[in-house]
Every structure is written in C-alpha cells, then in structure tokens.
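To start, the structure under review is shown below, and the notes come after it.
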Amino acid sequence: MERSVIIAGFGGQGVILAGKILAQAGMDHGLEVTWLPSYGPEMRGGTANCTVVLSEEPVGSPIVDEPSALIALNLPSLDKFEPIVVSGGTILVNSSLVDRGVSRRDVRAFTLPLNALAAKVGSPRSLNMAALGAYLKASGAIPLDVARQAMTHALESEGKGKTVAANVQALEEGYNAVP
Amino acid sequence: MAKRVLMRGNEVIAEAAIRAGCQCYFAYPITPQAELLEHMARNMPRLGRTFVQAESEVAAISMVHGASAAGVRTMTSSSSPGISLKMEGISYLAGSSLPAVIVNVVRGGPGLGNIAPAQCDYFQATKGGGHGDYHMIVLAPSTVPEAGELTMLAFELADRYRTPVMILADGMLGQMMEPVLLPDPVDPAALPAKPWAATGAKGREPNIILSFDLDPEGLRRMNLELQARYRTIREKEVRHEETETEDAEIVIAAHGTVARIAKSVVRMARAEGIRLGLFRPITVWPFPYEPLRALSSRVETVLTVEMSAGQMWEDVRLAVAERAKTPFYGELGGVVPTPKGILREVKRHVG
C-alpha cells in the first residue's frame, strides 16, 4: 500500500526535518520513499510543509492530491490541508497551538498537545518529533525503533548529537500519547 | 554491498559528476539548484579537484570551455535565467567540438520568473538557444536515481561525441529526496585519451581549438562534420521508456518530473478500466521520433502533458502526424500538474 503524509506548520517548527526522518526511516524499513519540500515563498516566515510518500512499490508522483495523513502543527496548516485528506485518512492536530478540532467526520482525528508533550520531556522544540511519534503509532507505517535509529542518525549527521536523548524522549512521548 | 542513501536530486547530480571523474566545476549560485553547487563546494577541494564559484554565469561557462580544451571532464550548473546567460558559451563549446556537461534545474519563466519547477526551457535546450547550427544531447531524468545515472552517461556521451550535453531537470527533481544507490566511480586514468586536447605542444604539432573560420568553405566543412556527428547521435543515442503501452488506447507523452507523476496516473486510470500508457523520452534531443511514430499507429490518442505551453508537444506532433489525436495539457509558471488533474484530462479524451 501507498501512504502519503503532509507535515505542515510554521517555519521553525521542524516540519522539514520531521519529514526527512520519516523518509529516512521508511527507506531503512525497506520501503520506497519520496520527500518533497515546499521551497517557495511560503518558506519565508509563513507556513512550511513537506510531503512524504511511503510505498512498497516505486513511487510515481511525489505530489499528492489526497494525502492519507496530515500532521498540522498550526492552524493555517489545518485550514489549508484538512479538506484534501483522503476519506478514511488520518489528521493529527497540535492542540497546543490550534484552538479548534477537526471538523470532518470521515477521517480519524487525533488532537494532541504536542508543544506540551515536548515541554514535558524538557525539550519544547522537539514538538516535531512528538508529532512524528504520534503519526507512527496512529498509522503503524514504520516500527518505532526504526524511526528512533533514523532520527539518531539524522541528528548526529547534522552535528546535533547532543539533542538525541531529548528528541528520542519526545518521539516516544508522542507515540505513547496516541491510544 | 552498496547501501541506499536518501539524497536530494541536486546532490545526486553533483555526486554522480564527481564519480564520473569531473575534475573542474564552475558555477554561479541560483535557486533551485543551490544544493548542487554546495555539494561541489564541500567535496571538490577535498578531493584535490577544482571548484570555482565564478563571478557570473558567463565566466563559469567560459571556464568550462578552458578546462574542456585542456582535456579534463568538466561541468557547470544553473537554473533557467543563468542558463540563458550561458548560451553564448554553449554555442562556442559546440562550435569548438568541446565536451562538457551543463545542468539546467529549470524554474518558472520567462524573465526572472520564479523558483518553482517548470519545463519551459525545452525549446532552448533542444532547438538551439545559442547561435548557429548546433545541437546538444539533452537528457531528461524523471527520478532522483535516474538523475545520477544520466549524469554519469552525460560525461560519457560528451567525451564520445565531443559535444556539450545537457541534463534537463526541474526544481522539483532538484529539491526532492529519494533513495539512491550511488554509481561506482570511474577511474579517470582509465578514460580514453583526448589526443586533440591543448595539453602543451612539446614534441608534437600544436592542437588548435577554435570555433572560428573566416573562409566559408572551411566553416562549411566544420558544419558538415558537426551534422554528420549529429546524424550518428540520432542513430545511436535515442533513449525512451514505455509503460503499459502494449494494449493502450491512449498514451501520455511526458518527460522528466511530469512523466513520473503520469506513472501514478497510469495506475489510477487502469484501476478504472482505462487502457492508459506512458511514453517517456529520456533523450529529448535526439527526440525518440521513430518509437513514438510506431506507437502512434497503435493508439487512438497521444496526450502530451508538460509544465510548459506546449514545447515538447511540437516534437510529439512531428512524430505522430495524423496517425492519432494529439491533444495537449500544460501547466505554466511553476504550477505542477497533479495526478488527479492529469487523469481528468485523460478522461476528456477517451470513450
């Protein structure tokens, strides 16, 4: 099966990195993957997003009309992408910043205080990893330990090895927050 | 065993160039190909090779001219407006029979345009762009791994035919990441010798590399020789790919990024019982006229889809003539057609 995820939020919330780690974990798990960032003017201060496709087959289009999941880290992202999620898909909302729920009734909705979850493990900036953890649990796309390794590798190769422990905690916190 | 790595298209093109034995790289930064230049900046000096961030695109292509004349594998890269600036130099490379690889990570135009993906430089790449009767071999990768493979091939073809070769990519291919198995590096010492190169004339007659002949008879001979080489390239180097065309009633003709999006459309259409196939030129010069001509006599419709106003469409219509209907669907200005949008167009032309 093919899974597609749009991860969207403010610039600086780490959506690009969360997407890279998801793509890396997908590849490490033996899947075909594409990672496509928004790189236009929306990167400058507005909303940033990236699209990750995970599939057993070679990926055709890296852009998707109807993503199977949306991770909305802020309100503009929920407003923009909620309508296009495929019926029966998954929407994950960061209730720390978004003061409304998911209005659609034909999707699985998860409302999680991602900023608060990340703050709880002492790393408020790791809300992107909490989001990723929550998505992994909600979708069952990739095992948690594969993602943990991919994240560790990604952070170390970007010279952010010191942040691994906190980010792992945030990833697990997000994972466990999904029932 | 080689391991898959997750890399951006821009980085894969750069890394493949290094592995193809590119000794000298010259460029001026521009979005959306900046990561290509950055990868070269990080790695070429470390390998004892030459990286120069030139003062302009014109300077960069002229440096490529010099390096190529000295017999080394060399490359430059840019995006649309920067490639326009390089056109004079590309014509000089062609006129001087100098091998070089030029990467165009195409963005929206004309003019300054924008930094979004586009295919609006097809005419410039395949029909000239610079002055004079010349062609470049133009390779149009559709995926990140293929961008690496075609970059390796570009260096080979450039040397074999002593011609500039262009990699025609786009902003999306440059920016996106995909798993790749990086190609094995070639051994620069094992590459065929270039007896024509200007390597110092001690003990032999000087090699003179010019794109200049005041005598019309002489320039005519030079042009005839170029045309003969282009004939050989047309005979031997046409590359294309067909997907699900065996029983197709309609095929999409698309290159590069649009072709990979169209692969999803083929799956979607087939699931709905529409016998859709895909014809993808890999070389857009030389264009695969013959294979498309053969295919067009078996199908009702050849729908060209491009991120342009219909540039490759002209080649498609040349190949298909009256054998099938040839509608067109294009998006402009950096807008990327989505699978659903393309499928909607397909449905307008079946049944």
Side-chain angles (χ1 to χ4, degrees), chain A residues 1-2 4 6-7 16-44 48-68 81 83-84 86 142 146-147 149-151 153-154 157-159, chain B residues 3-10 31-35 105 107-108 113-117 142-146 171-181 243-244 252 254 257-269 278 280 307 331 333-344:
Chain A
M1 75 178 286
E2 187 167 293
S4 49
I6 292 183
I7 310 176
I16 297 293
L17 181 60
K20 276 187 193 173
I21 291 169
L22 178 59
Q24 177 75 42
M27 184 185 81
D28 293 347
H29 194 48
L31 297 171
E32 297 299 330
V33 303
T34 57
W35 172 88
L36 179 69
S38 59
Y39 67 91
E42 65 268 35
M43 293 286 284
R44 293 162 204 210
N49 71 76
C50 65
T51 304
V52 176
V53 180
L54 307 163
S55 177
E56 274 104 32
E57 307 286 321
V59 179
S61 179
I63 57 164
V64 291
D65 294 286
E66 298 179 317
S68 54
F81 295 113
I84 66 166
V86 73
I142 299 159
V146 176
Q149 276 176 27
M151 191 180 78
H153 176 77
S157 69
E158 291 196 10
Chain B
K3 212 173 137 235
R4 294 197 305 170
V5 287
L6 191 64
M7 286 174 80
R8 276 186 204 255
N10 280 335
T31 307
Q33 66 81 59
E35 297 82 4
V105 183
R107 59 188 244 181
N114 61 23
I115 59 172
S142 188
T143 66
V144 172
E146 194 187 30
M172 188 157 120
L173 187 64
Q175 292 296 318
M176 66 179 289
M177 294 204 296
E178 221 172 359
V180 288
L181 275 173
T243 306
E244 308 252 7
I252 292 173
T257 279
V258 175
R260 74 172 299 158
I261 297 171
K263 279 196 182 171
S264 291
V265 182
V266 169
R267 271 179 237 158
M268 290 156 72
L278 171 66
R280 178 172 77 92
M307 294 190 283
E331 290 288 359
V335 175
V336 181
T338 71
K340 267 171 95 174
I342 299 174
L343 183 61
R344 198 179 309 124

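Lettering follows sequence order; numbering is per chain, from 1. Here the structure is a predicted model, which is why all the values come from computation and not from measurement.
Most heavy-atom pairs under 4.5 Å with chain B, from the set A:Asp65, A:Asp28, A:Leu36: that is A:Asp65. Note: B:Val5 leads B:Asn114, B:Val144, B:Val5 in heavy-atom pairs under 4.5 Å with chain A. Ranked by heavy-atom pairs under 4.5 Å with chain A, the list B:Met172, B:Arg267, B:Lys340, B:Arg8 is led by B:Lys340. Between chain B and the options A:Thr34, A:Val52, A:Val64, the largest number of non-hydrogen pairs under 4.5 Å is found for A:Thr34.
Both the backbone and the side chain of A:Val59 come within contact range of chain B, judged by heavy atoms closer than 4.5 Å. Residue contact with chain A, scored on non-hydrogen atoms closer than 4.5 Å, involves the backbone and the side chain of B:Pro117 alike.
Residues B:Glu178 and A:Val33 fail the side-chain proximity criterion, which asks for heavy atoms closer than 4.5 Å. You'll find the side chain of B:Ile342 stays beyond 4.5 Å of the side chain of A:Ser61, heavy atoms only. Side-chain contact between A:Met27 and B:Lys3 is absent, with no heavy atoms from C-beta onward closer than 4.5 Å.
Between A:Glu57 and B:Lys263 there is no salt bridge, since no side-chain N of the basic residue sits under 4.0 Å from a carboxylate O of the acidic one.
Smallest separation of non-hydrogen atoms from B:Arg260 and A:Pro62: NE-CD, 3.7 Å. Listed here is the closest heavy atom pair of B:Leu6 and A:Lys20: CD2-O, 3.9 Å.
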CA sep, side-chain torsions, deciding dist, call: A:Thr51, B:Met176, side chain to side chain contact (heavy atoms under 4.5 Å, CB included): CA-CA 10 Å; A:Thr51 304; B:Met176 66 179 289; over 6 Å; no
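Atom NE2 of A:His153 has 12 or fewer neighbouring heavy atoms from other residues, nucleotides or ligands inside a 6.0 Å radius.
In this structure, B:Gln175 CD and A:Ser38 OG are separated by 10.0 Å, a value rounded to the nearest 0.5 Å.
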